[in-house]
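Comments concern the structure below.
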Amino acid sequence: MKKVINFVLLAASLTTGFVATTQANELDDLLKQVKADRVSEAKLDKKREAEFLSERADKTALLNKAKKELSNQNVRNKRLTKEYAANEITLAQKEVELDNATGTLGEMFGVSRAAAANAFGQISTSIVSAEFPNRGEALNRIANAKEIPSIADLEELWFSLQTEMTESGKISQFSVDVTNLDGTKSTETITRIGTFNLVSANGYLTYNDEVSQVQPLPKQPAGYITETASNFSGVTSGYAAVYVDPSRGGILSLETRKKTLEEFFHEGKEVGYAITVLLIFGCIIALERLIVLGGMSSRIKSQEKNLDKPNENNPLGRLLKVFYDNQSVDAETLELKLDEAILRETPKVDRGINLIKMFAAIAPLMGLLGTVIGMIMTFQTITLFGTGDPKIMAGNISLALVTTALGLICALPLILIHSVVAGKSKSVLQKLDEQSAGLIAAIAEKGSK
């Protein structure tokens, strides 16, 4: 037991000595490291101090340089201020000298500038510029000039005004590039009527002064007006009639904004289309009736010339056949037979006539229906948007008025056509009644004898 304890004590003493030795070695190394770091930090501090001193010297030099520059600029500012004041005095003196030197030329300068400005506004928009382009450049230069115009400038103003005055009384033909509505260009020979209108074989043209281009109107005026313009462009001598716009495009522009009959018709929309269908069907029925009744009348006239030989291709022939087939009966029975034959022929003669009459009565009612629909739509528009802009309500009001007009336009010819067709029908039936009465009278006369 004692041996074990002694062994443990020995091992513990050895371990303690080893740990102490190790700690002593680490502290020595730490001390050496601290000393080495202190030397390095001292060198780095010296280096930074040297750099700071160097930069400080540079900043001082820049500051001195800036102060010197500021002093120079202050001197220059004082010098320029004096020069500016002296120049202002000189400029005022020169303006007085200029006014004294120009004298009455100053008034001429103002008049020429005003005249050039007025002429530029007139010439740049004139259709004469389509034939003589680039006339406004010199006038614009004179109007905006700051100096007294030269003799050449005054002559240019004179020539421009003289050219405009002379060309305003001429009718001239010339070739020019026309910019079509789709953007393409074509060279056409057009006729200029003074300063009023440009016409070609296709109608009226306009001059767009903003882009200096000749363009066709978006929509030509009424056909009879456009026709005179087309005919006039082809005339090379003598006299020809043509419509001229004295407002230089104002009236023509209003004319092109007028709606055509086709545009008015389409404003009737579905109700207007239905009324048109009635008119077409009524006219077709009337045409068929006129052809049929005309053929009947001609065959009846032929039959009247040959009453002894009845032909069943006409009502009178069929009536005569009934007469000849029943000659043996008494007059009263024959009369009934003939009346029966006339009654059989009546539907064939009157077929479709009442339909025409019905269409003539329905058409105004449909027009009234369109009027009511248009008014309802107008009041709905007023409810939504108010009455501030009448153009919003114009479409619905057009529907109301156009359908009314279409109903009357449809009814009037249908009534006339119905009268003609009904007259034809009554003429045929009257012929049958006359012949029937004559035949019965002949039988009655024989029986009395």
Side-chain angles (χ1 to χ4, degrees), residues 26-126 129 132-161 164 183 208-213:
E26 290 179 353
L27 291 174
D28 292 339
D29 294 337
L30 179 60
L31 180 60
K32 292 179 182 180
Q33 183 65 34
V34 170
K35 291 180 178 181
D37 291 341
R38 185 180 66 179
V39 173
S40 299
E41 290 292 337
K43 292 181 179 179
L44 183 60
D45 292 341
K46 289 182 178 180
K47 182 178 179 182
R48 289 178 178 174
E49 185 178 359
E51 292 177 354
F52 176 75
L53 294 174
S54 176
E55 291 179 357
R56 181 179 180 183
D58 294 337
K59 298 298 183 183
T60 302
L62 292 175
L63 179 60
N64 295 331
K65 183 178 179 181
K67 290 181 178 180
K68 184 177 180 181
E69 182 68 21
L70 177 61
S71 177
N72 294 334
Q73 291 298 329
N74 289 331
V75 173
R76 182 171 178 270
N77 182 39
K78 292 179 180 180
R79 178 175 55 81
L80 293 178
T81 302
K82 291 180 180 180
E83 291 181 0
Y84 179 79
N87 290 336
E88 285 290 327
I89 296 173
T90 304
L91 182 61
Q93 294 175 352
K94 295 298 182 182
E95 288 180 352
V96 173
E97 293 177 3
L98 178 61
D99 292 338
N100 295 332
T102 54
T104 56
L105 291 178
E107 183 178 355
M108 185 194 70
F109 173 52
V111 171
S112 62
R113 285 187 60 187
N118 293 333
F120 175 74
Q122 179 182 359
I123 290 175
S124 62
T125 58
S126 173
S129 297
F132 303 99
N134 303 322
R135 295 189 302 153
E137 295 179 357
L139 298 177
N140 190 32
R141 186 184 68 253
I142 298 171
N144 297 314
K146 300 299 182 182
E147 66 277 357
I148 297 176
S150 62
I151 297 299
D153 291 336
L154 294 177
E155 289 179 346
E156 186 67 30
L157 175 60
W158 171 29
F159 293 153
S160 298
L161 294 174
E164 184 71 15
N208 190 340
D209 58 279
E210 294 182 357
V211 293
S212 301
Q213 291 179 350

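Everything numeric in this text was worked out from a predicted model, so none of it was measured.
- Put simply, the side chain of N77 does not reach to within 4.5 Å of the side chain of Q73, judged on heavy atoms.
- To the nearest 0.5 Å, the span separating CG on N87 from NZ on K82 amounts to 14.0 Å.
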Point to revise | Candidate pair N64 and K68, rule side-chain contact (heavy atoms from CB on, under 4.5 Å), full reasoning | key: CA-CA 6 Å; N64 295 331; K68 184 177 180 181; over 6 Å; no
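- Salt-bridge annotation for E83 and R79: present, with a side-chain N of the basic residue lying under 4.0 Å from a carboxylate O of the acidic one.
- Distance alone, capped at 3.5 Å, is enough to place a donor-acceptor pair between the N74 side chain and the L70 backbone.
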